[in-house]
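All values derive from a computational prediction rather than experimental measurement. Just so it is clear, the values below take in all heavy atoms, side chains as well, and ignore hydrogens, waters and symmetry mates.
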Amino acid sequence: MRPISRYFRENMIGNIGDLAATALLDYFLADLGPIAYNMAVADVQKWLPVRITDLNGEKFEEEFQFWRKHNRK
């Protein structure tokens with residue numbers, strides 16, 4: 001957990017060992033991880049309907065184009 005240890009060494013009073021840094025990271029992931037996850041889900045929920053609405057414009061392909069493309073050659 002070098003990044004956490006370095007942060008403590010440079011910004012806090014004293015050092016923090018690897019075991020304490022790992023425990024701190026585990027705590028933050030368990031306690032704050034769901035907040036970040038829920039924010040990401042909310043962002044996708046806003047983004048996805050716009051993409052689905054415009055799906056025909058984004059990814060529409062004309063049908064029966066083989067002979068049109070073939071005759072151009």
Side-chain angles (χ1 to χ4, degrees):
M1 297 288 93
R2 287 187 184 138
I4 294 173
S5 298
R6 180 179 177 185
Y7 179 84
F8 264 79
R9 187 173 55 253
E10 293 179 7
N11 297 292
M12 307 299 261
I13 298 172
N15 291 327
I16 185 172
D18 284 343
L19 183 60
T22 300
L24 184 61
L25 178 60
D26 289 345
Y27 164 73
F28 281 129
L29 289 175
D31 208 41
L32 301 177
I35 294 170
Y37 177 83
N38 290 338
M39 289 171 63
V41 169
D43 288 346
V44 169
Q45 286 174 332
K46 290 181 217 169
W47 175 84
L48 196 56
V50 173
R51 298 304 181 269
I52 289 173
T53 300
D54 195 33
L55 193 56
N56 282 336
E58 286 277 325
K59 303 295 178 191
F60 182 78
E61 288 289 331
E62 287 288 332
E63 299 167 348
F64 305 109
Q65 295 298 307
F66 176 81
W67 291 113
R68 287 185 188 163
K69 292 177 184 177
H70 182 70
N71 289 335
R72 287 187 202 159
K73 295 179 182 177

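The hydrophobic clustering, which links ILVMFWY residues whose side-chain heavy atoms are closer than 4.5 Å, places Y37 and M39 apart. Cluster membership check: V41 does not share its hydrophobic cluster with L32, using side-chain heavy-atom separations under 4.5 Å among Ile, Leu, Val, Met, Phe, Trp and Tyr. Under a hydrophobic-cluster definition in which Ile, Leu, Val, Met, Phe, Trp and Tyr are linked whenever side-chain heavy atoms come within less than 4.5 Å, directly or via other members, I52 and W47 are assigned to the same cluster.
One distance of note links CD1 of I4 with CE of M12; it measures 11.5 Å at 0.5 Å rounding.
No more than 12 heavy-atom neighbours from other residues, nucleotides or ligands sit within 6.0 angstrom of CZ on R6. Around atom CG of L48, more than 12 heavy atoms belonging to other residues, nucleotides or ligands sit under 6.0 Å away.
Side-chain atoms of Q65 come within 3.5 Å of backbone N or O of E63 as a donor-acceptor pair.
Across every non-hydrogen atom of I16 and S5, the tightest pair is O-OG, 3.3 Å. Of all heavy-atom pairs spanning L29 and P34, the tightest one is O-CD, 3.7 Å. In plain terms, the two heavy atoms of D31 and I35 that are nearest each other are O-CD1, 4.3 Å.
Looking at N11 and Y7, their side chains never bring a donor and an acceptor atom within 3.5 Å of each other.
When the ring-ring contact (aromatic ring centres under 6.0 Å, His included) test is applied to F66, the partners found at least two apart in sequence or on another chain are H70.
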